[in-house]
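Quantities reported herein were computed from a predicted structural model and do not represent experimental measurements.
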Amino acid sequence: MASQIPALPQSFTPSTGSVFSDQSGFYALDSNVPGLSKVILNKLNMKDYGEYRAAVQGKPKGVTFRNYKEMFQKMEDTFKFCTGCNKLPEHLSEQQSLKRCVKCLNVYYCSKDCQKKDWPQHKKACKTLRLVAIDRLVEWLMFTGDLPFPTEKWTKSPDEVKNWDDWIPMQGNLTAHLNTIVSGTNMATLWKNAVRPKPDEADLRGSLWRIQSEFLSRVLTVGMAIRRFGLDPYAKPLTIHLAGASHNETMGARLTDYDELNNMFPKHQGIEIVMVGPEVVDGPIVRPPLRAFGPKERVYISAFKGLYHQFWEALEEKEEAAKPDLVVGFHPGFHANQGLLEGWLPTLLLLRDYNIPSLFTMYSEMELRCSLEILLELEVRVRDSGPNPFTSQKPEQVQSCPNKDPVYCNSHFIRFQGLLPREDFEDSIPTSSSASSL
């Protein structure tokens with residue numbers, strides 16, 4: 001072992017008030033639009049963050065809607081503030097009201113003057129924000145079971161499928177899949193009750209694909225990590241840990257969510273996916289990990305609610321779970337602030353000192369650069385990094401700063417393993433063009 005793994009300070013244990021909760025991100029909205037978090041709670045009929053957290057975990061206390069129309073209206077109300085001056089509805093005069101941009105139907109303005117002043121910035125984002133506004137409604141179909149739709153068996157080897165352009169042709173008539181959902185009952189219910197006009201069918205097909213791509217991006221990124229580290233699922237069963245798993249990956253998660261790996265590696269020896277994180281949402285995947293080999297040609301998913309190093313101490317050190325062949329982290333965000341970095345430090349050191357093949361994803365190139373700097377300071381050996389060929393195609397809006405450039409889930413990655421060789425420690429930080437490869 002290269003170093004001792006420090007014990008986590010009591011102040012960083014998981015709770016609704018800690019840096020490991022999405023509470024910090026929730027209230028960070030107020031840094032740009034003071035009071036926005038309170039508006040969200042009010043519009044969703046919630047008294048406090050605890051009720052919001054319970055709703056995210058599928059245990060709603062304060063969320064009550066009489067019908068779908070009210071639900072969609074309340075959801076839209078949480079986006080209502082003036083993009084020009086950041087005023088909230090309750091801060092407007094009696095003569096003022098928030099009016100939506102007629103092109104994107106996403107952002108609001110309290111006056112023509114605010115809209116005019118904001119146009120130089122908004123015109124750069126308006127087209128993309130129109131797509132975001134459609135996606136946030138169509139995403140409801142993830143909860144009705146319409147999405148994700150089933151995928152086809154692969155007709156190419158994993159080495160031949162290098163990006164989306166290689167994956168899509170294997171899906172046969174993808175348009176037929178999309179048209180079935182577009183003409184379905186739940187899509188009709190959605191737009192009968194939505195707070196905006198129904199887009200045309202081409203827009204709806206595009207939205208369905210973007211949401212499907214975000215779901216598949218995680219699975220295909222895991223498959224990419226398996227290939228890049230030279231792991232062979234045909235030679236032995238593989239155990240893969242998803243460190244820092246949050247409500248984004250686990251809310252409504254199903255036991256079949258990683259079955260695309262069956263298409264990628266047909267007749268494999270067995271693949272176990274263990275989701276570990278303090279924001280894991282209760283559901284069917286929350287079950288003990290495997291101690292021994294799982295069933296062949298199947299993907300077994302389990303989850304543990306807690307920090308990764310706590311999972312390691314509770315199960316791995318007691319040999320109650322199989323050791324990982326690979327660890328993947330989706331948007332760990334340890335670059336964001338000192339608290340998050342300190343919370344991730346035990347995990348980063350554990351991965352380094354146990355020489356575990358690891359791959360983490362980022363939202364942007366800026367996040368990639370900051371994360372690379374941190375890993376270098378920790379003397380972690382970075383194998384390679386750069387754009388992810390299986391990035392999500394769905395743009396993500398910064399809610400309190402909608403005109404900021406959108407980000408995309410899993411748009412960049414860092415692949416790392418073990419300690420940086422001492423002779424390389426003084427070298428420059430690896431970039432996507434200069435990073436070393438296996």
Side-chain angles (χ1 to χ4, degrees), residues 148 150-162 167 170-171 215-245 249-250 252-277 280-306 308 311-312 314-330 347 350-351 354-361 390 410 413 415 417 438:
T151 56
E152 304 294 335
K153 291 183 177 180
W154 286 29
T155 55
K156 302 175 185 176
S157 71
D159 289 338
E160 293 176 293
V161 183
K162 301 182 185 303
W167 182 87
M170 297 189 298
Q171 299 309 302
F215 172 83
L216 286 172
S217 175
R218 293 191 287 267
V219 190
L220 294 176
T221 296
V222 169
M224 180 184 74
I226 291 173
R227 290 191 300 106
R228 293 206 176 204
F229 276 111
L231 302 174
D232 187 356
Y234 299 108
K236 64 182 285 292
L238 296 181
T239 296
I240 300 165
H241 292 171
L242 304 186
E249 297 101 78
T250 59
R254 289 150 295 199
L255 299 176
T256 56
D257 279 356
Y258 278 77
D259 278 3
E260 185 67 10
L261 294 175
N262 293 330
N263 293 332
M264 190 175 192
F265 303 108
K267 299 187 182 302
H268 59 79
Q269 294 296 306
I271 297 174
E272 179 185 16
I273 301 290
V274 186
M275 300 186 183
V276 182
V280 165
V281 177
D282 292 336
I285 65 167
V286 180
R287 54 182 179 171
L290 298 174
R291 295 189 183 191
F293 299 146
K296 292 183 179 181
E297 301 180 33
R298 286 180 55 191
V299 177
Y300 180 94
I301 302 179
S302 63
F304 177 92
K305 190 177 181 68
Y308 187 74
F311 165 81
W312 193 275
L315 296 177
E316 293 291 349
E317 291 185 355
K318 297 177 182 178
E319 299 184 350
E320 295 181 4
K323 291 290 191 292
D325 298 285
L326 170 70
V327 171
V328 175
F330 298 117
T347 292
L350 185 153
L351 296 176
Y354 278 94
N355 197 38
I356 299 173
S358 304
L359 185 144
F360 284 4
T361 66
F390 294 106
N410 306 317
F413 75 93
R415 187 169 66 94
Q417 181 180 4
L438 274 175

Pairwise distance [atom1]([X]) to [atom2]([Y]) - rounded to 0.5 angstrom:
X	Y	atom1	atom2	answer
Leu242	Tyr308	CG	OH	10.0 Å
Ile226	Leu220	CD1	CG	10.5 Å
Ile356	Phe229	CD1	CZ	11.0 Å
His268	Asp232	NE2	CG	12.0 Å
Phe330	Glu249	CZ	CD	6.5 Å

Between Gln417 (side chain only) and Asn355 (backbone N and O only), is there a donor and an acceptor less than 3.5 Å apart?
yes

Is there a donor-acceptor pair under 3.5 Å between the side chain of Arg415 and the backbone N or O of Arg228?
yes

Who are the ring pair (Phe, Tyr, Trp, His ring centres under 6.0 Å) partners of Phe390, not counting sequence neighbours?
Trp164

Among residues at least two apart in sequence or on other chains, which ones pass ring pair (Phe, Tyr, Trp, His ring centres under 6.0 Å) with Phe304?
Phe311

What pair of heavy atoms forms the shortest contact from [X] to [Y], and how long is it?
X	Y	value
Tyr234	Met264	OH-O, 4.2 Å
Gly306	Val276	O-CG1, 3.6 Å
Thr361	Leu359	CG2-CD2, 4.1 Å
Ala253	Asp257	CA-OD2, 3.3 Å
Phe265	Gly223	CZ-O, 4.2 Å

Who are the side-chain hydrogen bond (donor to acceptor under 3.5 Å, both in side chains) partners of [X], not counting sequence neighbours?
X	value
Ser217	Asn410
Glu260	Thr151, Trp154, Trp167, Asn263
Thr250	none
Tyr258	none

Just jot down the side chain to side chain contact (heavy atoms under 4.5 Å, CB included) partners of [X], sequence neighbours excluded, or say none.
X	value
Leu255	Pro284, Ile285, Arg287
Glu319	none
Lys162	Asp166
Thr256	Arg254, Asp259

Run the numbers on Val222 and Ile271 for side-chain contact (heavy atoms from CB on, under 4.5 Å), then give the verdict.
CA-CA 11 Å; Val222 169; Ile271 297 174; over 6 Å; no

Where do Val219 and Leu261 land on the side-chain contact (heavy atoms from CB on, under 4.5 Å) test, with the steps shown first?
CA-CA 7 Å; Val219 190; Leu261 294 175; 3.9 Å; yes

Would you mind writing out the side-chain donor-acceptor pairs for residues 289-303 within the sub-3.5 Å range, not counting sequence neighbours?
{"unit_1": "Tyr300", "atom_1": "OH", "unit_2": "Pro288", "atom_2": "O", "d": "3.2"}

N/O donor-acceptor pairs under 3.5 Å from side chains in residues 322-329, not counting sequence neighbours:
{"unit_1": "Lys323", "atom_1": "NZ", "unit_2": "Glu316", "atom_2": "O", "d": "3.1"}
{"unit_1": "Asp325", "atom_1": "OD1", "unit_2": "Lys236", "atom_2": "NZ", "d": "2.8"}
{"unit_1": "Asp325", "atom_1": "OD2", "unit_2": "Lys236", "atom_2": "NZ", "d": "3.4"}
{"unit_1": "Asp325", "atom_1": "OD2", "unit_2": "Thr239", "atom_2": "N", "d": "2.8"}

